[in-house]
2 protein chains.
Amino acid sequence: MLSLTEENYLKAIYHLSDGGSKAVLTNALAEAMSTKAASVTDMIKKLSAKEVITYEKYYGVNVTSKGKSEALMVIRKHRLWETFLVDKLGFAWDEVHEVAEQLEHINSPRLIEKLDEFLGYPKVDPHGDPIPDHKGKIKIVPQIPLDQLAIGYQGKIAAVKDSDSNLLKYLDKIGARPGVKIKILGKEDYDESMEILIDDHRVFISKAVSQNILVVG
Amino acid sequence: MLSLTEENYLKAIYHLSDGGSKAVLTNALAEAMSTKAASVTDMIKKLSAKEVITYEKYYGVNVTSKGKSEALMVIRKHRLWETFLVDKLGFAWDEVHEVAEQLEHINSPRLIEKLDEFLGYPKVDPHGDPIPDHKGKIKIVPQIPLDQLAIGYQGKIAAVKDSDSNLLKYLDKIGARPGVKIKILGKEDYDESMEILIDDHRVFISKAVSQNILVVG
DNA sequence: ACTATTTTTTAGACTAACCTAAAAATATAC
DNA sequence: GTATATTTTTAGGTTAGTCTAAAAAATAGT
């Protein structure tokens, strides 16, 4: 059983390691958790004792398979609650992150299964991120940041990388929501800004924004 | 701002004081919180510092008006979540207490208002207890325990006192849910057991049970 | 390869909950 | 009305999570 704080650390490690595919450094984790390296070292010891991560001094942290499935359950809960907030309670997709951060720690397997059923077993959350199933299985759809594609590209917005509320508000304003059609009309070499077509209207976006729009197809 | 633990203590004090109408003793609170008197004394000091209760040594604790409205907000959240679990997710009314104990601590005024709207502004929860409105106003319907009424009484089940899961399961089995018609057919002087009519079928119940069935009318 | 810098860990201290054991205050008993 | 029993508080200690400051290990520069 993990404490609320331990659960949050584990989730951060899971994300920083790209789902367990690389080691996470102490400082990176301290930054992500808005805390100090010393506190991270303490917590790392606890999480290794609970066998959700492995730890090599001065090298970094890796998630164990037990840790992965625990992290995926938290992510499942987070994304199901976000879906509930948007689909059922009428929240805007940029307002749900903070509340879901609280709701994801509610511990009741039965509640989550009932919620999943109530929502009609959704595959993705309101930001386009895949929702792990009750066994922790996640369907990975390869998603490419818009800034890495060329003029003429045409496809669909799959998800949004950052969950910063200001970014989400901005994207919502220009109509850039998951599922919407998108096309690259032009690119400016100087600052890497772009002109794009979102659902048939033209918008200019900076590189900072195009990096955060993930597309498929 | 109260911590999760402080919130739980305050709620217990509110209930033990019958909504703020009498003082609560240290030992009674220790019993209710399944903890020791010494820990209660510590917590009482914190809660007085935060001005949600007043405290006189060796005499007891009283809830301030600030404390009352904070307690009512937690109760509001608890009862709205219980209603959600039963009405929307299909939980049985005897399964919701523990989960609601967790959900009641989620801090988001917007979430609670949206949830209230989604549920259609319910007046009572699945156990028949009144739900405080967004201003903390609660509609008190006088409820009488069944064991205090005479043969021939006829009315409606308003609520159930205890939230013990076994009691609730039993009541559910004999059909004794809030809103159901009830009539007292007979009373046994020896052990104060009763024969009653629930929704037109006859049942025998012990005094322990009749004390927990609250009725109106 | 030997300093210098950066990163990480250790050491020691803080706060919020909790505990046990002992002291103090209140209530009860004769 | 003094002695006994009960209740409540104080005193001192524990654990989880945090911090700052200093020590140790790893990396980089010339």
Side-chain angles (χ1 to χ4, degrees), chain A residues 1-17 22-63 67 70-71 74 98 101-102 104-107, chain B residues 1-17 22-63 67 70-71 74 98 101-102 104-107:
Chain A
M1 209 57 329
L2 298 181
S3 75
L4 192 145
T5 311
E6 288 167 343
E7 220 166 74
N8 280 330
Y9 268 93
L10 180 59
K11 194 178 51 143
I13 293 167
Y14 181 86
H15 282 133
L16 290 172
S17 69
K22 62 185 190 199
V24 177
L25 300 177
T26 303
N27 263 2
L29 191 47
E31 159 88 2
M33 298 300 295
S34 313
T35 186
K36 297 299 154 69
S39 308
V40 169
T41 302
D42 282 355
M43 183 54 80
I44 282 174
K45 286 175 188 164
K46 284 187 210 161
L47 291 175
S48 331
K50 295 196 174 178
E51 298 183 327
V52 291
I53 59 172
T54 55
Y55 162 52
E56 256 188 89
K57 276 189 181 179
Y58 296 98
Y59 164 72
V61 157
N62 278 97
V63 193
E70 298 235 20
V74 179
E98 284 74 19
E101 287 286 304
Q102 294 182 60
E104 73 188 5
H105 299 292
I106 301 294
N107 177 23
Chain B
M1 208 59 324
L2 299 180
S3 75
L4 191 144
T5 311
E6 288 167 343
E7 221 165 73
N8 280 330
Y9 268 93
L10 179 59
K11 195 177 50 141
I13 294 167
Y14 181 86
H15 281 132
L16 290 172
S17 69
K22 62 184 190 200
V24 176
L25 299 178
T26 303
N27 263 3
L29 191 47
E31 160 87 3
M33 299 299 296
S34 314
T35 185
K36 297 300 154 71
S39 308
V40 169
T41 303
D42 282 355
M43 183 54 80
I44 282 174
K45 285 175 188 164
K46 282 188 211 161
L47 291 175
S48 333
K50 295 196 173 177
E51 299 182 326
V52 291
I53 60 172
T54 55
Y55 162 52
E56 256 187 272
K57 274 189 183 179
Y58 295 97
Y59 166 71
V61 157
N62 277 97
V63 193
E70 298 234 22
V74 179
E98 285 74 20
E101 287 286 304
Q102 294 183 59
E104 74 188 4
H105 299 292
I106 301 293
N107 176 23

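A note on names: the letters A, B, ... follow the listed sequences, proteins ahead of strands, and every chain is numbered from 1.
- Contact annotation: A:T35 does not reach the phosphate of D:dG17 (side-chain N/O to OP1 or OP2, under 4.0 Å).
- The phosphate of D:dT20 (OP1 or OP2) has a side-chain N or O of A:K36 nearer than 4.0 angstrom.
- A:T41 has its side chain within reach of A:Y55: a pair of non-hydrogen atoms, C-beta onward, lies under 4.5 Å apart.
- Backbone-only contact: B:Y9 has heavy atoms under 4.0 Å from sugar-phosphate atoms and none from a base.
- Checked by atom type and distance alone, the side chain of A:K36 never pairs as donor or acceptor with a backbone atom of A:A30 at under 3.5 Å.
- In this structure, B:D42 places its CG atom 12 Å from C1' of D:dG13, rounding to the nearest Å.
- For the pair A:Y58 OH and C:dT6 P, the computed distance is 17 Å after rounding to whole Å.
- Regarding B:Y59, its OH atom lies at a distance of 23 Å from the P atom of D:dT6, rounded to whole Å.
- As rounded to whole Å, 11 Å separates atom P of D:dC19 from atom CE of A:M43.
- One atom, CG of A:L4, and another, C1' of D:dG17, lie 12 Å apart when rounded to the nearest Å.
- At the heavy-atom level, A:T26 lies under 4.0 Å from the strands shown only through sugar-phosphate atoms.
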### Message
Walk me through whether B:T35 and B:Y9 qualify under side chain to side chain contact (heavy atoms under 4.5 Å, CB included).
### Response
CA-CA 11 Å; B:T35 185; B:Y9 268 93; 3.5 Å; yes
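- Mapped onto DNA chain D by nearest heavy atom, A:K46 and A:K57 fall at different nucleotides, with A:K46 at the one closer to the 5' end.
- Proximity of B:E104 to B:N8: side-chain heavy atoms (C-beta onward) are separated by under 4.5 Å at one or more points.
- Contact annotation: B:N27 reaches the phosphate of D:dT8 (side-chain N/O to OP1 or OP2, under 4.0 Å).
- Residue A:E56 is out of contact with every strand shown, counting any heavy-atom pair closer than 4.0 Å.
- Summarising the geometry, the separation between CG on A:N8 and C1' on D:dA16 is reported as 15 Å, rounded to the nearest angstrom.
- In this structure, B:L2 atom CG and C:dT15 atom C1' are separated by 17 Å, rounded to whole Å.
- Heavy atoms of A:T5 sit under 4.0 angstrom from primed sugar atoms or phosphate atoms, though from no base atom.
- One can place CD of B:E6 at 8 Å from P of C:dA16, the figure rounded to the nearest angstrom.
- Considering only side-chain N and O atoms, A:S39 lies under 4.0 angstrom from the phosphate OP1 or OP2 of D:dC19.
- Checking the phosphate oxygens (OP1, OP2) of C:dT9, a side-chain nitrogen or oxygen of A:Y55 falls inside 4.0 Å.
- Side-chain atoms of A:V52 and A:E6, non-hydrogen and from C-beta on, never get closer than 4.5 Å to each other.
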